[in-house]
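Values below: all heavy atoms of this structure, side chains included; hydrogens, waters and symmetry mates excluded. Proteins get letters first, then strands, A, B, ... in listed order; numbering begins at 1 in each. The structure displayed is predicted, hence computed values, not measured ones.
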Amino acid sequence: MTVRTRFAPSPTGFLHIGGARTALFCHLHTRRVGGTFILRIEDTDRERSTQEAVDAILEGLHWLGLDPDEGPFFQSDNTDLYLAAAHRLLAEGKAYRCHCSRETLDALRTTQREQQIKPRYDGRCRTRVAQDGEPAADDQPFVIRFKTPTEGVTAWEDQIQGTIRFQNDELDDLVLVRSDGSPTYNLAVVVDDHAMGINLVIRGEDHISNTPRQIHLFQALGWEIPRYAHMPLLHGADGSKLSKRHGAVSVLQYREDGFLPSAVNNYLVRLGWSHGEQEIFSQAEMEQWFDVRDVGRSAAIFNLSKLQWVNGHHIRAAHPDQLLPDLLWQLARRGIHHPDPQLVRAIIPEFQPRAKTLVEMADKCLFFFVDSVLPYDDKAARKYFDPTPPAPFCALLSALAALPEWQVQPIEAAFQQTVAQYGLEVGQLAQPVRVALTGTASSPGIYETLHLLGREKSLHRLTEGANRLQNTPPAATPAEKS
RNA sequence: GUCCCCAUCGUCUAGCGGCCUAGGACGCCGGCCUCUCACGCCGGCAACACGGGUUCGAUUCCCGUUGGGGACGCCA
């Protein structure tokens, strides 16, 4: 039988990293078994659902390469279906009308909490109906409640958690239809899971307590119960469920921050799942090996530095052309709107091993694209540049200026010659040159940097550097002071 | 409070009774490489929550304790 899974977010906010992981697990599992991955937007709460959230979720999934095979479907389009199921249950005596006011229910819960027992509906309207038939007060607002079995146990073999069982008398009669006539979550889920032929539900373990209720509904409606796999939650640094308040940001924020979707997926898949001692996975490997039944049962804490490390791997493994659009976008955000695409493409390989994110890459390569001479970093200037004697620096400048061809080999030769002439180590010349070129003490190889920066910019910056060296009085000249 | 779930280095994990003086990865600390920074390589620090069982033998099985998380809505 073909596996059909669904990812069912409610559009009340962006897609955060925890939701993305749920979607990823659904997606990967269906890929491996050749199943169908369905996206269903659970917008039965019309008050809190927004179009912006729908768009953000769609965009986030798309960025991660988790586009659904079917959907998105919207529960708001299926209201009739849900209500039909509710009325069928009502007609079959498996549900009833409850006229309790919110105030009554609030008071009930308050009392129960005070008595330190689990807050739950006590079924007072269920018994009244049993005695009196349909209550007369149909003009009064009412909700439709499900008659939850009062005895026995409900259990299922969870694909991740193993056997989970609930005592039925722990559960109360849940609301199926609100007093405004709209269906609630548990009803809609069951009707849709059935209607869409969902046979494997992969979701967060915060839904475990909904599962016995949903099983009851499947049974009452006479429908086949899907298999369930409840994934352990992803926790924030404080160890509690990821929330908007604590650490949960949109997955699209990770795009902004220079992460690759393949890296985010790779990082996420290793939270609760492993394949031998392998850490780095391609999308194809994940799709080939991931099985939801291999997922562990304990929650994981989100760890940014591991994500960064994984991202670094994916940046290094990527073809430079793949990185080009993202780097151009990052440069644009830094005010570099029309860099020479050839140059950008050419420098990428130099920065792949040097950047864990594209943000870092853009920051580090910025010196290639600005026109003005960069201000020198204080520490770099003090340590490497200012102590440099002007003579070899100027000699190198002349040698470079005289180069017939601006290529790596001749540049290196000029360096070697100057270094030999003055009896220096390469670093003694390379570092001040690096500071003059980049304003910092770190960059790709100095020959490559000179070559890629180009003759004009290089000579200009070196000339400025030479001037600075020559105009700076030697460090220890107390003469001027006294 | 009640119910459900979880429990190996700081973090992610391997381990499915003896192969464990507990393996890998991130991070951290040394070192090597080296024109800098990275990458890469080598090494180090670092964990089976506790108490009972079961067993010839428990990280591994069972029970309890403690700790953590989740759920208790006319939200999803």
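- B/A38 sits 42 Å from B/A71 when the P atoms are compared, rounded to a whole Å.
- Rounding to whole angstrom units, OH of residue A/Tyr185 and P of B/A76 are separated by 9 Å.
- A/Asp363 places a side-chain heavy atom less than 4.5 Å from the side chain of A/Arg334.
- Closest to the side chain of A/Ser274, out of B/C12, B/U13, B/G27, is B/U13.
- Whole-Å rounding puts the A/Asn303 CG to B/G10 C1' distance at 9 Å.
- The CH2-P distance, from A/Trp309 to B/C28, rounds to 13 Å in whole Å.
- Spacing of P atoms, B/A49 relative to B/A7, comes out at 10 Å, to the nearest Å.
- Within a 6.0 Å sphere centred on CD of A/Glu157, other residues, nucleotides and ligands contribute more than 12 heavy atoms.
- For A/Ala300, the listed nucleotide lying nearest its side chain is B/C12; candidates were B/C12, B/U2, B/C35.
- The side chain of A/Glu277 approaches B/G23 more closely than any other nucleotide in the set B/G23, B/C35, B/C74.
- Comparing B/G27 with B/C12, their C1' atoms sit 11 Å apart, to the nearest whole Å.
- Across all strands shown, nothing is found opposite B/C16 as a Watson-Crick or G-U wobble partner with both distances under 3.5 Å.
- Comparing atom distances between the A/Gln431 side chain and each of B/A7, B/U11, B/C35 picks out B/C35 as nearest.
- The closest side-chain heavy-atom distance from A/Arg213 to A/Val189 is not below 4.5 Å.
- Checking the phosphate oxygens (OP1, OP2) of B/G40, a side-chain nitrogen or oxygen of A/Arg316 falls inside 4.0 Å.
- To the nearest angstrom, P of B/C4 lies 12 Å from CG of A/Asn168.
- B/U54 makes up no base pair with any nucleotide shown, lacking Watson-Crick or G-U wobble contacts both under 3.5 Å.
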Which atom pairs, donor and acceptor, lie under 3.5 Å between side-chain atoms of residues 418-439 of chain A and protein residues at least two apart or in another chain?
{"from": "A/Thr418", "atom 1": "OG1", "to": "A/Ala414", "atom 2": "O", "distance (Å)": "2.8"}
{"from": "A/Gln428", "atom 1": "OE1", "to": "A/Glu425", "atom 2": "N", "distance (Å)": "2.7"}
{"from": "A/Gln431", "atom 1": "OE1", "to": "A/Arg434", "atom 2": "NH1", "distance (Å)": "2.6"}
{"from": "A/Gln431", "atom 1": "NE2", "to": "A/Ala441", "atom 2": "O", "distance (Å)": "3.4"}
{"from": "A/Arg434", "atom 1": "NE", "to": "A/Ser443", "atom 2": "OG", "distance (Å)": "2.8"}
{"from": "A/Arg434", "atom 1": "NH2", "to": "A/Pro444", "atom 2": "O", "distance (Å)": "3.0"}
{"from": "A/Thr438", "atom 1": "OG1", "to": "A/Arg434", "atom 2": "O", "distance (Å)": "2.8"}
{"from": "A/Thr438", "atom 1": "OG1", "to": "A/Thr440", "atom 2": "N", "distance (Å)": "2.9"}
{"from": "A/Thr438", "atom 1": "OG1", "to": "A/Thr440", "atom 2": "O", "distance (Å)": "3.0"}
{"from": "A/Thr438", "atom 1": "OG1", "to": "A/Thr440", "atom 2": "OG1", "distance (Å)": "3.0"}

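- Looking at heavy-atom distances under 4.0 Å, A/Arg113 makes contact with a base.
- Ranking B/C74, B/U36, B/U13 by closeness to the A/Arg354 side chain, first place goes to B/U36.
- Of the candidate nucleotides B/C74, B/C6, B/G70, B/C6 has the atom lying nearest to any side-chain atom of A/Ser298.
- Taking the C1' atoms as reference points, B/G69 lies 30 Å from B/U54, given to the whole Å.
- Distance A/Asp106 CG to B/C72 C1': 14 Å, rounded to the nearest Å.
- Between A/Lys356 and B/C39 there is a side-chain polar atom (N or O) within less than 4.0 angstrom of OP1 or OP2.
- The partner of B/C35 is absent, by the rule that a Watson-Crick or G-U pair needs both atom distances under 3.5 Å.
- In this entry the distance linking CG of A/Asp206 with C1' of B/G73 reads 15 Å, nearest Å.
- The side chain of A/Gln161 has B/C6 as its nearest neighbour among B/U2, B/A71, B/C6.
- Between A/Arg6 and A/Glu42 there is no salt bridge, since no side-chain nitrogen of the basic residue lies less than 4.0 Å from a carboxylate oxygen of the acidic one.
- Within the 4.5 Å cutoff, the side chain of A/Cys125 has no heavy atoms near those of the A/Phe142 side chain.
- No donor-acceptor contact under 3.5 Å links the side chain of A/Ser209 to the base of B/C4.
- With both ends at atom C1', the span from B/U21 to B/U2 equals 46 Å, rounded to whole Å.
- Out of B/C4, B/G69, B/U36, the shortest distance to the side chain of A/Lys241 is found at B/G69.
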> Do A/Tyr267 and A/His314 pass the ring-ring contact (aromatic ring centres under 6.0 Å, His included) test, and can you show the C-alpha distance, the side-chain angles, and the key distance before you say yes or no?
Replying inline: CA-CA 11 Å; A/Tyr267 170 70; A/His314 283 257; over 10 Å; no

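- With B/A76, B/U2, B/A38 as the choices, the nucleotide that has an atom nearest any side-chain atom of A/Pro353 turns out to be B/A38.
- Residue A/Arg109 has a polar side-chain atom (N or O) positioned under 4.0 Å from OP1 or OP2 of B/C74.
- Spacing between atom CZ of A/Phe166 and atom C1' of B/A71 amounts to 8 Å, rounded to whole angstrom units.
- The separation of B/C74 from B/C26, taken at their P atoms, amounts to 49 Å, rounded to a whole angstrom.
- Among the atoms of the strands shown, none is found under 4.0 Å from any heavy atom of A/Thr12.
- Comparing A/Arg21 and A/Asp43 by the nucleotide of RNA chain B that holds the closest heavy atom to each, the one mapping nearer the 5' end is A/Arg21.
- Separating the P atom of B/C5 from that of B/G30 is a span of 46 Å, rounded to the nearest Å.
- Checked against B/A25, B/A76, B/C39, the side chain of A/Lys306 finds its nearest nucleotide in B/A25.
- On the P atoms, B/A76 is 49 Å away from B/G18, given to the nearest whole Å.
- Nucleic acid contact for A/Leu307: none, since no nucleic acid atom lies under 4.0 Å from a heavy atom of the residue.
- Nucleic acid contact class of A/His235 (heavy atoms, under 4.0 Å, all strands): sugar-phosphate only.
- We find that CZ of A/Arg102 is positioned 8 Å from P of B/C74, with the value rounded to whole Å.
- The residue A/Pro444 sits close to a base: some heavy atom pair falls under 4.0 Å.
- Using Watson-Crick or G-U wobble geometry with both donor-acceptor distances under 3.5 Å, B/A46 finds no partner in any strand shown.
- With RNA chain B read from its 5' end, the first of the two nearest nucleotides for A/Gly445 and A/Ser101 is the one closest to A/Gly445.
- Shown here, B/U60 forms no base pair; nothing in the strands shown gives a Watson-Crick or G-U wobble contact with both key distances under 3.5 Å.
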Distance-only criterion, 3.5 Å: show the donor-acceptor pairs between side-chain atoms of residues 351-359 of chain A and protein atoms not counting sequence neighbours.
{"from": "A/Gln352", "atom 1": "NE2", "to": "A/Ile315", "atom 2": "O", "distance (Å)": "2.8"}
{"from": "A/Gln352", "atom 1": "NE2", "to": "A/Ala318", "atom 2": "O", "distance (Å)": "2.8"}
{"from": "A/Arg354", "atom 1": "NH1", "to": "A/Glu350", "atom 2": "O", "distance (Å)": "2.7"}
{"from": "A/Thr357", "atom 1": "OG1", "to": "A/Val359", "atom 2": "N", "distance (Å)": "3.3"}
{"from": "A/Thr357", "atom 1": "OG1", "to": "A/Glu360", "atom 2": "N", "distance (Å)": "3.0"}

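- Backbone-only engagement by A/Leu271 is indicated by non-hydrogen atom pairs under 4.0 Å involving sugar-phosphate atoms exclusively.
- At least one side-chain heavy atom of A/Trp406 sits under 4.5 Å from a side-chain heavy atom of A/Ser458.
- The shortest distance between the side-chain N/O atoms of A/Arg145 and the OP1/OP2 oxygens of B/C74 is below 4.0 Å.
- Checking B/A25 for Watson-Crick or G-U wobble geometry (two distances, each under 3.5 Å) identifies B/U11 as its partner.
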